[in-house]
Amino acid sequence: MTTAASAEHVAHYACYRRGCRRAECRKADRIYRKQYELRQLAGIPSHIPGPVVAAHIRALTGSGHTIRGIASRSDISERAINYILNGQENVLRAKALTVLSIQPLTEAPRVDATGTARRIQALAAIGWPVIWTAAQTGYHYSYLFSITSGHRQTIPRPVAQRFTALYREYSHRAGYSEFTRSIARRNNWHGPMAWDDIDDPNAKPEKTEPYGAAAKNGRDSLRKAEIEHLYLLGESVPSIAKQLGANEKYTSDQLNEVLRDREKRAEQERRNSLTAGLAA
């Protein structure tokens, strides 16, 4: 009868060398010795120098990998990785190759927090409270305020990506809080349309003059300019519609066209800048 212990037994050459004489462990040892002899004949070393593996691990951690992440991907314990880093002379070839197969991260693990701070501020400028933004992204509001205040110069890339996704979804929708808009105006926070490239630390927000109503001639081009101007001042769609004497759907449609036009212009400017840089 097969016992639980025998059912859980894993055949391995090391088990045979510790004294186990099960048929499966004897077979595993025989296969290992055969492979070892073939490697020797082919001139393939059974071990890889520890400093080589340690240097690769340091390169991985320098690019953003963690020791725990390396351990989970290589199926080697964190303790074993620390042994290698602390000067282990040689590493078994099979284990070393699993570590060496992991590639460094191509993107920096942390990014400039400027774009994220501007996104939080821009959402507030159109009526989305910072506390609401914190709840949507899963962070405490104090963390967001530390970003907007400039106390955090860099943030983890996944954090920035989370705020970018939220901003992409809500930057063209008016928020529900007029109180938040007033706070944003008082703090001189700029709305989404003030930025051509919100992630560029050197970018300057587009300045807007106080609103002055244009003649009511019913032309979309002039109305779009008025809508854009009011939106830059942080006004909501209902507020813009009320000031222009237009319905909210018309105002929203015109605003969406304005946003698309601005996005196209910003993309064209980025391409022109890239072309100029390559030409230089």
Side-chain angles (χ1 to χ4, degrees), residues 5-116 138-139 143 146-147 150-165 199-201 274 277-278 280:
S6 61
E8 295 173 359
H9 184 78
V10 178
H12 196 273
Y13 76 90
C15 184
Y16 175 83
R17 297 187 179 188
R18 286 194 296 267
C20 176
R21 290 300 177 262
R22 295 172 186 266
E24 57 267 32
C25 290
R26 185 179 290 110
K27 181 180 178 181
D29 180 66
R30 188 164 57 251
I31 291 172
Y32 174 80
R33 283 188 286 106
K34 193 67 175 177
Q35 291 175 339
Y36 177 80
E37 290 170 3
L38 290 172
R39 286 197 300 268
Q40 291 293 102
L41 290 173
I44 301 173
S46 58
H47 291 77
I48 291 178
V52 173
V53 184
H56 186 70
I57 293 172
R58 292 190 181 95
L60 293 176
T61 55
S63 73
H65 283 288
T66 63
I67 296 296
R68 179 170 296 179
I70 296 170
S72 64
R73 293 187 61 182
S74 63
D75 200 26
I76 299 175
S77 69
E78 293 180 47
R79 177 180 292 183
I81 290 174
N82 284 320
Y83 283 153
I84 296 170
L85 289 173
N86 289 325
Q88 183 172 320
E89 187 175 351
N90 291 298
V91 182
L92 281 173
R93 181 180 183 81
K95 291 186 176 182
L97 290 178
T98 60
V99 174
L100 295 173
S101 65
I102 302 173
Q103 297 299 314
L105 297 175
T106 56
E107 296 181 327
R110 300 182 70 84
V111 297
D112 193 299
T114 300
T116 299
Y139 299 104
Y143 180 61
S146 71
I147 295 174
H151 290 159
R152 295 181 183 271
Q153 300 299 314
T154 63
I155 56 175
R157 183 175 292 275
V159 174
Q161 291 171 341
R162 189 175 298 185
F163 282 101
T164 299
D199 287 306
D200 182 2
L274 180 61
L278 291 174

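Fair warning: this is a prediction, and the values are worked out from it, not measured in the lab.
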Walk me through it: do Leu100 and Ile48 pass the test side-chain contact (heavy atoms from CB on, under 4.5 Å)?
-> CA-CA 10 Å; Leu100 295 173; Ile48 291 178; 4.2 Å; yes
What is the distance from atom CD of Gln103 to atom CG of Leu60, rounded to the nearest 0.5 Å?
-> 8.0 Å
Report the distance from atom OG1 of Thr164 to atom CZ of Arg157, rounding to the nearest 0.5 Å.
-> 10.0 Å
May I ask you to test the Leu85-Ile67 pair for a side-chain heavy-atom distance under 4.5 Å?
-> yes
Can you tell me how far the OG1 atom of Thr66 sits from the CD atom of Glu78, to the nearest 0.5 Å?
-> 8.0 Å
Do you know which two heavy atoms are closest between Gln153 and Gly150, and how far apart they sit?
-> NE2-O, 2.7 Å
CD1 of Ile155 to CZ of Phe163, rounded to nearest 0.5 Å, is 7.0 Å
Could you please spell out the steps behind the side-chain contact (heavy atoms from CB on, under 4.5 Å) verdict for His9 and Cys25?
-> CA-CA 10 Å; His9 184 78; Cys25 290; 3.0 Å; yes
Closest heavy-atom contact between Asp112 and Pro201?
-> OD2-CG, 4.0 Å
What pair of heavy atoms forms the shortest contact from Ser72 to Gly69, and how long is it?
-> OG-O, 2.8 Å
Taking atom CD1 of Ile57 and atom CD1 of Ile84, what is their separation to the nearest 0.5 Å?
-> 4.5 Å
Go through the steps to decide whether Tyr16 and Arg30 satisfy the test side-chain contact (heavy atoms from CB on, under 4.5 Å), and finish with yes or no.
-> CA-CA 10 Å; Tyr16 175 83; Arg30 188 164 57 251; over 6 Å; no
Side chain to side chain, Tyr83 and Ile76, heavy atoms closer than 4.5 Å | no
Any side-chain heavy atom of Ile102 sitting closer than 4.5 Å to one from Ser74?
-> yes
Are the side chains of Val91 and His47 in touch, meaning some heavy atoms are under 4.5 Å apart?
-> no
Stepwise, does the side-chain contact (heavy atoms from CB on, under 4.5 Å) test hold for Val111 with Thr116?
-> CA-CA 10 Å; Val111 297; Thr116 299; 5.7 Å; no
Of all the heavy-atom pairs spanning Arg58 and Thr61, show the shortest one and how long it is.
-> O-OG1, 2.9 Å
Does His56 reach the main-chain N or O of Ser101 with its side chain, forming a donor-acceptor pair under 3.5 Å?
-> no
Would you say Arg21 has more than 12 foreign heavy atoms packed within less than 6.0 Å of its CZ?
-> yes
All heavy atoms of Gln88 vs all of Pro51, minimum pair found to be O-CD, 4.2 Å
